[in-house]
There are 2 protein chains.
Amino acid sequence: MSQTVERALRILELFAERPRSLGEVAADLGVHRSTALRLVQTLERGGFARPVDGRYTVGFRMVAIAHQAVEQLDLHPVAHPHLVRLGDRYGHTVHLAQLVDDEIVYVTKVDGRGALRMRSRVGQPVDPHTSGVGKAVLAHLDQPARERFLARLTYPRHTDTTITDPVAFRAELARIVERGWAEDDGEFEDFVNCVAVPVWDARGRVVGAVSITALRALAPLERLHEHLPELTGTCAAISRDLGWPGDPP
Amino acid sequence: MSQTVERALRILELFAERPRSLGEVAADLGVHRSTALRLVQTLERGGFARPVDGRYTVGFRMVAIAHQAVEQLDLHPVAHPHLVRLGDRYGHTVHLAQLVDDEIVYVTKVDGRGALRMRSRVGQPVDPHTSGVGKAVLAHLDQPARERFLARLTYPRHTDTTITDPVAFRAELARIVERGWAEDDGEFEDFVNCVAVPVWDARGRVVGAVSITALRALAPLERLHEHLPELTGTCAAISRDLGWPGDPP
DNA sequence: GCGATAGTTGCAAGATTTGCAACGGACGGG
DNA sequence: CCCGTCCGTTGCAAATCTTGCAACTATCGC
């Protein structure tokens, strides 16, 4: 609706990938260099962009605002200490995803102790059919909401184990409800697997999920399964902090 | 330079504080509601804003971009695992600040185990005269850069212990260089104190600092001092990961 | 010293944004 | 039940604000 703002946002997207020169920005937007300059300058004066050796990148105001935004989410503040404790315990990567309106978003990540770090996901929407947290939330959603999700779901294949069949996916969701937890058996990336457990609010509705993720080489599913009691306990603790009465779902 | 973009950024700032209705936005910007609507819609379609029960807030694209930006910083990725380990050890809050151009910015925070969480600072510029990390970096900066910092420094008082005298501040910096670490004795907030140690790069220049922060009631300075060997070790490890030869400064 | 690339500025043209007025829906009090 | 208010939304004409141009400067590398 506003061309100018659209261009400014596009510029921020460009900066997020990697630092860009004014020329690159202008070329990408298809505008004159002077136009690009004025947009970038505006971003810079607002702290949304900053120069870095002959190029521009995302500015710190942006970082600060985003951080503030995450802290405003209901789940993050109550869950965080629990997640840190959980991360401590096994040294694996811990993710928290929250159900926000009609999408599921990664809200917190606690890095594991290994040298490798998972490609980061905070702020990104969860892919429901290839992630533990996605399946955990989806499975425990109430009927109409789940159907709304499923309706707009596509099933692109990422690995051999990716579930690409809607019917099989529904079966998987049913299984998850039954046992109370979900897993990702290398369905997004071959060498990564995880287990995930849902989090409940005061009214007994799913609000998100917590997952323990690890390289298969480091901790295969069987090993992660051993952490399920701890993970379930953590999610119960978070849920109780949210006012959950504590009944089994 | 671009009024429209300026307004869009202003809107994001508003959303960061708390969710806003269109009317509030329009009022704050001093524009017609329809104008505000079109700007907000543009932000929303870009994922930079999102509706939340009758109001608008910061969108997740914003969060994702900011996160990506932080990961691009040189210090963050190498330092993070060390910080987590340090946080584990004592359960106190750990901050990492990085020197970026002519400012020092909080880049990472590892929350402590206590129920209380520090008011968050990631992405925010460090106040050099009231923070451990600020003083640690400033003290070890090369002469000209330090003078440039000092030149534009004001010394607003926040607490009884805030250093408000430029001369006293220089003396403090000298003391910090001598002993190799800095402290914040409730200089920003009465009840919070911290110790901080600088981080070096391959060429032996300060690139940032790490601090261990705690409520005074929980861990007074004397207690934090006991953690200095560990903190110094962590900073040395980070510095070595950055290519620091390992000579004492 | 030449050529390339980066950033910057004034100005005129006009595309883009703006304010207006009016509509529909939701909510709450009277 | 109706009125008042506050929400978001749309079409349109006016004009503000943005845009592209062209020219200038600076820096880097050959």
Side-chain angles (χ1 to χ4, degrees), chain A residues 1-62 69 72 100-103 144 148, chain B residues 1-62 72 100-103 144-145 148:
Chain A
M1 316 240 46
S2 167
Q3 190 189 57
T4 319
V5 174
E6 257 171 16
R7 286 173 174 167
L9 299 186
R10 171 80 188 141
I11 291 176
L12 289 174
E13 302 271 359
L14 291 176
F15 289 173
E17 288 177 25
R18 58 193 149 87
R20 307 284 186 146
S21 73
L22 201 50
E24 291 177 87
V25 173
D28 184 280
L29 295 183
V31 298
H32 196 270
R33 285 209 322 286
S34 60
T35 303
L37 171 70
R38 286 181 275 240
L39 293 176
V40 170
Q41 279 182 334
T42 308
L43 291 173
E44 187 183 347
R45 285 198 306 170
F48 285 68
R50 78 191 155 92
V52 51
D53 48 55
R55 295 198 151 64
Y56 294 93
T57 334
V58 178
F60 290 113
R61 200 71 253 278
M62 184 98 181
Q72 273 181 29
V100 183
D101 303 323
D102 58 346
E103 59 178 353
R148 247 179 289 128
Chain B
M1 314 235 49
S2 165
Q3 190 190 55
T4 319
V5 175
E6 257 171 15
R7 286 175 174 167
L9 299 185
R10 172 78 189 141
I11 291 176
L12 288 174
E13 302 272 358
L14 292 176
F15 288 173
E17 287 176 24
R18 59 192 149 90
R20 308 283 187 146
S21 72
L22 247 195
E24 291 178 86
V25 172
D28 184 280
L29 295 182
V31 298
H32 197 269
R33 284 207 323 283
S34 60
T35 302
L37 171 69
R38 285 180 277 240
L39 293 176
V40 170
Q41 280 181 333
T42 308
L43 291 173
E44 187 184 347
R45 286 197 306 166
F48 286 68
R50 76 190 156 93
V52 51
D53 47 55
R55 295 199 151 66
Y56 294 94
T57 339
V58 178
F60 290 113
R61 200 71 252 277
M62 185 98 181
Q72 273 181 30
V100 182
D101 303 323
D102 59 345
E103 58 178 355
R148 246 178 291 132

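The end-to-end axis angle of the helix from C:dG1-D:dC30 to C:dC23-D:dG8, rounded to 10 degrees and based on five pairs per end, is 50°.
Taking for each of B:V31 and A:E24 the nucleotide of DNA chain C with the nearest heavy atom, the 5'-most of the two is the partner of A:E24. Mapped onto DNA chain C by nearest heavy atom, A:R38 and B:R33 fall at different nucleotides, with A:R38 at the one closer to the 5' end.
Atoms OH (B:Y56) and P (D:dC7) sit 11 Å apart, rounded to a whole Å. Straight-line distance from the CG atom of B:L39 to the C1' atom of D:dG8: 15 Å, rounded to whole Å. Rounded to whole angstrom, the span from the CG atom of B:L37 across to the P atom of D:dT10 amounts to 8 Å. Atom pair B:H32:NE2 and D:dA15:P shows a separation of 17 Å (rounding to whole Å applied).
Side-chain atoms of A:R38 and A:T42 include no donor-acceptor pair closer than 3.5 Å.
Contact annotation for A:S34: base contact, defined as any heavy-atom pair under 4.0 Å involving a base atom. At the heavy-atom level, A:E6 lies nowhere under 4.0 Å from the strands shown.
In this structure, B:R148 does not pair ionically with B:D102, as no charged nitrogen and carboxylate oxygen lie closer than 4.0 Å.
One distance of note links CD of B:E6 with CG of A:L43; it measures 10.5 Å at 0.5 Å rounding. To the nearest 0.5 Å, atoms CG (A:D28) and CZ (A:R10) are separated by 4.0 Å.
In this model, the phosphate group of D:dC7 is approached by a side-chain N or O of B:S21 to a distance below 4.0 Å at OP1 or OP2. Contact annotation: A:R7 reaches the phosphate of D:dT19 (side-chain N/O to OP1 or OP2, under 4.0 Å).
Under a 3.5 Å cut-off, the side chain of A:E17 and the backbone N or O of A:L14 do not form any donor-acceptor pair. A donor-acceptor pair under 3.5 Å is absent between the side-chain atoms of B:R20 and the main chain of B:R55, judged by distance alone. Listed for the A:Q72 side chain is a donor-acceptor partner under 3.5 Å among the backbone atoms of B:A16.
Counting heavy atoms from C-beta outward, B:I11 and B:Y56 have side chains that stay 4.5 Å or more apart. Residues A:V58 and A:F48 fail the side-chain proximity criterion, which asks for heavy atoms closer than 4.5 Å.
Counting 5' to 3', DNA chain C first comes under 4.0 angstrom of a heavy atom of chain A and last does so at the ends given by C:dA6 to C:dT17.
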